[in-house]
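These notes concern the structure reproduced below.
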2 protein chains.
Amino acid sequence: MGNIAGTADEIIRCARSLIIAGGYNGFSYADISEVVGIRKASIHHHFPSKVDLVRTLLVQYRQEAEAGIAELERHHPDPVDQLRAYTGYWAACIGDPTSSFCVCALLATQIPVLPPEIVLEVRAHFRALSAWLTAVLEKGAQRGRLAFSGTARSEAEGFMAAVHGAMLSARAYGDDQVFRVVTEPLIERLVAGRP
Amino acid sequence: MGNIAGTADEIIRCARSLIIAGGYNGFSYADISEVVGIRKASIHHHFPSKVDLVRTLLVQYRQEAEAGIAELERHHPDPVDQLRAYTGYWAACIGDPTSSFCVCALLATQIPVLPPEIVLEVRAHFRALSAWLTAVLEKGAQRGRLAFSGTARSEAEGFMAAVHGAMLSARAYGDDQVFRVVTEPLIERLVAGRP
DNA sequence: GACGGCCATCCTACTAGAAGGTAGGCTGAC
DNA sequence: GTCAGCCTACCTTCTAGTAGGATGGCCGTC
């Protein structure tokens with residue numbers, strides 16, 4: 001039973017949801033072993049150290065994010081729709097405790113106590129996300145679909161920060177609605193040609 | 001040596017900066033004992049359990065925040081200036097590792113693994129901050145100093161989320177500038193009577 | 001097709017150190 | 001005399017990580 005990459009994948013999936021719940025120091029090999037139904041030592045077989053596990057997890061997460069964005073761009077040629085699809089994706093995740101936060105955003109809060117290898121991956125995700133949002137805003141402005149006062153870059157940073165802050169507020173209040181309340185006006189404000 | 005409340009206060013101050021660095025599970029009594037120059041057992045004398053310590057810390061933090069806002073309102077009667085003073089306060093904090101993040105915002109990220117007593121305090125801070133921002137925005141709109149499309153409440157939630165997200169981005173990039181890049185347009189957008 | 005080696009997977013059993021916390025004794029100020 | 005403050009010494013549980021053994025599938029060889 002269990003295909004070749006099955007167990008390692010299950011460990012990563014489990015670790016991911018545990019990180020989303022409590023961050024890097026908020027979970028242990030023992031926690032994973034309970035959920036996956038495997039001994040601690042067996043986890044060390046797949047991932048020699050905790051840093052190995054989390055770094056692998058992050059590399060995979062970033063690949064998934066990149067693939068997700070590529071898919072999103074195929075489905076939605078319009079920049080406005082792309083922004084809506086992005087926030088819509090997270091709005092759908094917010095309700096599910098195992099995916100209600102961006103892993104990189106959560107780890108970013110703990111950067112001062114994180115192993116440097118992990119920090120590298122987290123930084124890379126922020127840069128990639130910011131670059132994509134900047135490109136979307138630039139494209140939207142060129143096509144006359146979006147309008148904003150500052151640079152595309154600063155506007156993208158503001159957008160990203162607001163989305164992350166919205167995740168945080170949803171968690172703080174224990175109210176999923178807050179995410180939509182914050183993110184929906186965010187896009188409407190950028191759409192060109194409103195009163 | 002050490003005045004009456006001296007040691008307990010030093011412990012709290014130390015714990016606060018440790019939480020800002022790595023959250024609830026990111027510090028231990030041993031860490032505090034090293035910094036303060038006191039034995040672990042002596043910390044337990046002042047704060048029997050970790051929950052006691054952090055709850056006390058949060059109660060004090062919330063009082064300080066309340067006092068700070070009251071002071072801020074005395075110095076700045078104008079709602080626009082109040083918003084600027086608020087973000088300006090955090091802009092000044094961002095550079096200092098011991099105060100570069102709101103303790104409650106950082107703890108909020110770990111709510112699923114936090115003791116319930118701590119969650120209560122964190123929630124209370126978010127509600128208080130949101131209520132204050134809502135009041136400022138309402139007052140600003142009444143006086144014709146601020147203009148926005150949604151309700152004052154939803155606008156306040158968006159403002160707070162953006163500020164928290166800006167703290168996160170500054171930490172993620174390791175670049176203090178990002179905080180200002182995100183928060184400055186935030187206020188300018190709300191100021192009434194622009195082109 | 002049987003044989004033997006190889007290797008991935010998972011196990012039991014263990015380690016050293018760190019976690020939060022306790023018991024009880026000393027000291028010095030009021 | 002009492003008690004706050006701090007200490008040494010200790011406890012239990014959890015932490016990541018290690019050593020080494022069982023199992024079992026896959027390989028080429030005869």
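Just so we're on the same page: letters track the sequence lines, and every chain starts at 1.
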message: Please enumerate all residues that pass salt bridge (charged side-chain N to carboxylate O under 4.0 Å, His left out) together with A:D81, with sequence neighbours excluded.
response: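 A:D81 satisfies salt bridge (charged side-chain N to carboxylate O under 4.0 Å, His left out) with no residue once adjacent residues are dropped.
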
Salt bridge (charged side-chain N to carboxylate O under 4.0 Å, His left out) partners of B:E121, counting only residues at least two apart: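 B:E121: salt bridge (charged side-chain N to carboxylate O under 4.0 Å, His left out) contacts with B:R62.
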
Would you indicate, yes or no, if [N] has its OP1 or OP2 atom less than 4.0 angstrom from a side-chain nitrogen or oxygen of [X]?
{"X": "A:H46", "N": "C:dC10", "value": "yes"}
{"X": "A:T7", "N": "C:dC10", "value": "yes"}
{"X": "B:H45", "N": "D:dC6", "value": "no"}

Under 3.5 Å donor-acceptor pairs involving side-chain atoms of residues 91-98 of chain B, not counting sequence neighbours:
| unit_1 | atom_1 | unit_2 | atom_2 | d |
| --- | --- | --- | --- | --- |
| B:D96 | OD1 | B:T98 | N | 3.1 |
| B:D96 | OD1 | B:T98 | OG1 | 3.0 |
| B:D96 | OD2 | B:T98 | OG1 | 2.8 |
| B:D96 | OD2 | B:S99 | OG | 3.1 |

task: Hey, could you give me each pair passing salt bridge (Lys or Arg N to Asp or Glu O under 4.0 Å) that has a residue in residues 26-54 of chain B? Not counting sequence neighbours.
output: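 Listed by first then second residue: B:D52-B:R55.
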
(Q) By the salt bridge (Lys or Arg N to Asp or Glu O under 4.0 Å) test, which pairs, at least two apart or in different chains, include something from residues 145-164 of chain A? (A)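 Qualifying pairs: A:D78-A:R145, A:R153-A:E157.
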
Nearest whole Å is fine: how far is [N] [atom2] from [X] [atom1]?
{"X": "B:I11", "N": "D:dG5", "atom1": "CD1", "atom2": "P", "answer": "10 Å"}
{"X": "B:N25", "N": "D:dA16", "atom1": "CG", "atom2": "C1'", "answer": "15 Å"}
{"X": "B:I43", "N": "D:dC7", "atom1": "CD1", "atom2": "C1'", "answer": "13 Å"}

Contact string for nucleotides 12-30 of chain C, one letter per nucleotide 5' to 3', B = base within protein heavy-atom range under 4.0 Å, S = sugar-phosphate only, - = neither, reads B------SBBBB-------

Handout entry: Distance-only donor-acceptor check, side chains B:W132 and B:E73, under 3.5 Å
Key =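 Yes, a side-chain donor-acceptor pair sits under 3.5 Å.
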
